[in-house]
Colleague: 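If you scroll down you'll find the structure; I have some questions about it.
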There are 2 protein chains.
Amino acid sequence: MHKELRLDNQICFRLYSAARLVMQAYTPLLNELGITYPQYLVLMVLWEKDSQPVNDIAHRLMLETNTVTPLLQRMEKLGIVCRRKGEQDKRQQIVSLTEKGREMEERAFDIIPKGMGDRLANCPLSINDFQHLAGELDSVIDSLK
Amino acid sequence: MHKELRLDNQICFRLYSAARLVMQAYTPLLNELGITYPQYLVLMVLWEKDSQPVNDIAHRLMLETNTVTPLLQRMEKLGIVCRRKGEQDKRQQIVSLTEKGREMEERAFDIIPKGMGDRLANCPLSINDFQHLAGELDSVIDSLK
DNA sequence: ATATTTTATATCGTAAGCGATTTACATGAT
DNA sequence: ATCATGTAAATCGCTTACGATATAAAATAT
């Protein structure tokens with residue numbers, strides 16, 4: 001029985017569980033908008049800067065294009081983004097928000113921050129703790145990406 | 001442009017990315033054992049306590065049985081666990097390690113801790129930082145599960 | 001004892017993720 | 001200019017996740 005191999009000693013299991021549980025907390029809120037968490041991530045990327053090629057979106061999210069392409073195809077079906085061939089580089093697909101996608105930012109702003117605040121109300125961590133956590137996660141991310 | 005909706009301000013995106021990147025770091029190591037990360041989690045549960053019903057494994061991993069059942073079916077095909085009906089309660093499936101599954105603990109011990117240590121060598125966090133991170137993640141997990 | 005409800009697991013459908021390969025276009029080399 | 005190399009997306013196959021539903025056995029109610 002090796003203590004290194006005990007579940008309770010695994011930082012990765014904690015990351016894996018925390019990520020899943022936080023995504024689950026988002027789910028009912030995102031359902032009101034009719035989107036999933038990864039779709040919400042794509043929207044945040046596009047709200048920040050509209051009309052980007054698939055590759056840029058994938059890099060920003062640290063995902064492969066073979067994950068992002070089908071994601072964008074589903075979002076196109078939902079009518080929240082549109083895709084068109086790049087003009088200088090015809091290999092690219094430039095992804096842009098539709099009017100519906102743009103309008104979702106206000107709705108998200110009304111629903112998500114408050115909703116997540118409520119869900120994390122009984123979490124004992126302070127704003128400071130969360131900032132600290134963010135920094136530590138950034139260290140892990142930077143050293144692995 | 002709402003700063004609350006910026007990707008950089010999202011603790012959840014960090015958790016999601018860190019979890020994926022750490023799993024990716026495990027992948028080449030687990031490939032040597034011929035298993036995936038969730039399968040490794042199941043093995044850790046069974047190495048700790050062999051012969052458990054599906055429900056107990058699912059609870060330990062905070063997963064639903066409809067995730068764990070197919071996972072166990074694949075592991076059975078790989079010959080690392082076996083499943084048999086519960087004797088007192090015939091609804092249960094008792095999952096046990098095979099000889100192959102039991103032997104994998106030593107191989108995992110030879111490969112995983114050292115391999116992950118190497119991969120995180122350039123991560124600036126100390127042992128103390130990791131313990132602190134573990135505590136903060138536990139707070140998030142406890143308040144959401 | 002029989003009917004109702006709960007519980008344990010399995011099945012189905014859909015959306016991610018990701019390794020491997022393919023296709024179309026662009027870029028650089030000769 | 002032609003050919004080789006590189007790059008952007010897309011496609012394929014497989015494994016998670018998870019909501020919803022089904023099925024069988026157990027527990028409870030009447």
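So that the names make sense, note that chain A is the first sequence line, chain B the second, and so on, each numbered from 1.
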Colleague: Does the side chain of Arg20(B) get closer than 4.0 angstrom to OP1 or OP2 of dA17(D) through an N or O atom?
Modeller: no
Colleague: What I want to check is whether an N or O donor and acceptor connect the side chain of Asn66(A) with the base of dG17(C) at under 3.5 Å.
Modeller: no
Colleague: What's the CG-C1' distance between Leu78(A) and dA15(C), to the nearest Å?
Modeller: 11 Å
Colleague: So Arg74(B), base contact, sugar-phosphate only, or nothing? Heavy-atom distance under 4.0 Å.
Modeller: base
Colleague: So what does Pro53(B) touch, heavy atoms closer than 4.0 Å: a base, only the sugar-phosphate, or nothing?
Modeller: sugar-phosphate
Colleague: For Gln92(A) and dC25(C), is the shortest distance between a side-chain N/O and OP1 or OP2 below 4.0 Å?
Modeller: no
Colleague: How many whole angstroms separate atom CG of Leu61(A) from atom P of dA9(D)?
Modeller: 14 Å
Colleague: With rounding to the nearest 0.5 Å, note down the distance linking CG in Leu21(A) to SG in Cys12(B).
Modeller: 10.5 Å
Colleague: Are any of Tyr16(A)'s side-chain N or O atoms less than 4.0 Å away from OP1 or OP2 of dA17(D)?
Modeller: yes
Colleague: When you get a sec, tell me which of dC18(C), dA16(C), dA17(D) is the closest nucleotide to the side chain of Leu63(A)?
Modeller: dC18(C)
Colleague: Should the ring pair Tyr26(B) and Tyr37(B) be called parallel, tilted or perpendicular, given that the plane angle runs from 0 to 90° and is split at 30 and 60?
Modeller: tilted
Colleague: Is the distance from OP1 or OP2 of dA10(D) to the nearest side-chain N or O of Gln93(A) less than 4.0 Å?
Modeller: yes
Colleague: Any side-chain N or O of Thr69(B) under 4.0 Å from OP1/OP2 of dA10(C)?
Modeller: yes
Colleague: 5'-most contact on DNA chain C: Ile94(B) or Glu87(A), nearest heavy atom basis?
Modeller: Ile94(B)
Colleague: Rounded to the nearest 0.5 Å, how far does CD1 of Ile112(A) lie from CG of Asp110(A)?
Modeller: 10.0 Å
Colleague: Would you please confirm or rule out a distance under 4.0 Å between OP1 or OP2 of dC25(C) and any side-chain N or O of Gln88(A)?
Modeller: no
Colleague: Report which part of the nucleic acid Asn55(A) touches: base, sugar-phosphate, or nothing (heavy-atom distance under 4.0 Å, all strands).
Modeller: sugar-phosphate
Colleague: Answer with base, sugar-phosphate or nothing: what part of the nucleic acid does Asp89(B) contact at a heavy-atom distance below 4.0 Å?
Modeller: sugar-phosphate
Colleague: Between Gln52(B) (CD) and dA8(C) (P), how many Å, whole number?
Modeller: 14 Å
Colleague: So which one's nearest nucleotide on DNA chain D is more toward 5', Val68(A) or Thr67(B)?
Modeller: Val68(A)
Colleague: From NE2 of His59(A) over to C1' of dA9(D), roughly how many Å is that when rounded to an integer?
Modeller: 13 Å
Colleague: Could you state the atom-to-atom distance from CD of Gln24(B) to C1' of dT15(D) in whole Å?
Modeller: 14 Å
Colleague: If you measure only the distance, is there a donor-acceptor pair under 3.5 Å linking the side chains of Ser126(B) and Asp129(B)?
Modeller: yes
Colleague: Hey, is Glu48(B) close enough to Arg60(B) for a salt bridge, meaning N to O under 4.0 Å?
Modeller: yes
Colleague: Under the 3.5 Å rule, do the base of dT7(D) and the side chain of Arg91(A) count as making a donor-acceptor pair?
Modeller: yes
Colleague: Cation-pi between Arg20(B) and Tyr16(B): NZ/CZ under 6.0 Å from ring centre and within 45° of the ring axis?
Modeller: yes
Colleague: Just the rounded figure in Å: distance from C1' of dA10(D) to NZ of Lys90(A).
Modeller: 19 Å
Colleague: To the side chain of Val54(B), which of dC18(D), dT9(C), dA17(D) is closest?
Modeller: dT9(C)
Colleague: Please report, rounded to the nearest Å, how far the C1' atom of dG19(D) is from the CG atom of Leu30(A).
Modeller: 15 Å
Colleague: Less than 4.0 angstrom between a side-chain N/O of Gln73(A) and OP1 or OP2 of dT11(D), yes or no?
Modeller: yes
Colleague: I need the CD1-C1' distance between Ile57(B) and dA10(C), as an integer number of Å.
Modeller: 15 Å
Colleague: Base, sugar-phosphate, or nothing for Thr36(B), non-hydrogen atoms under 4.0 angstrom?
Modeller: sugar-phosphate
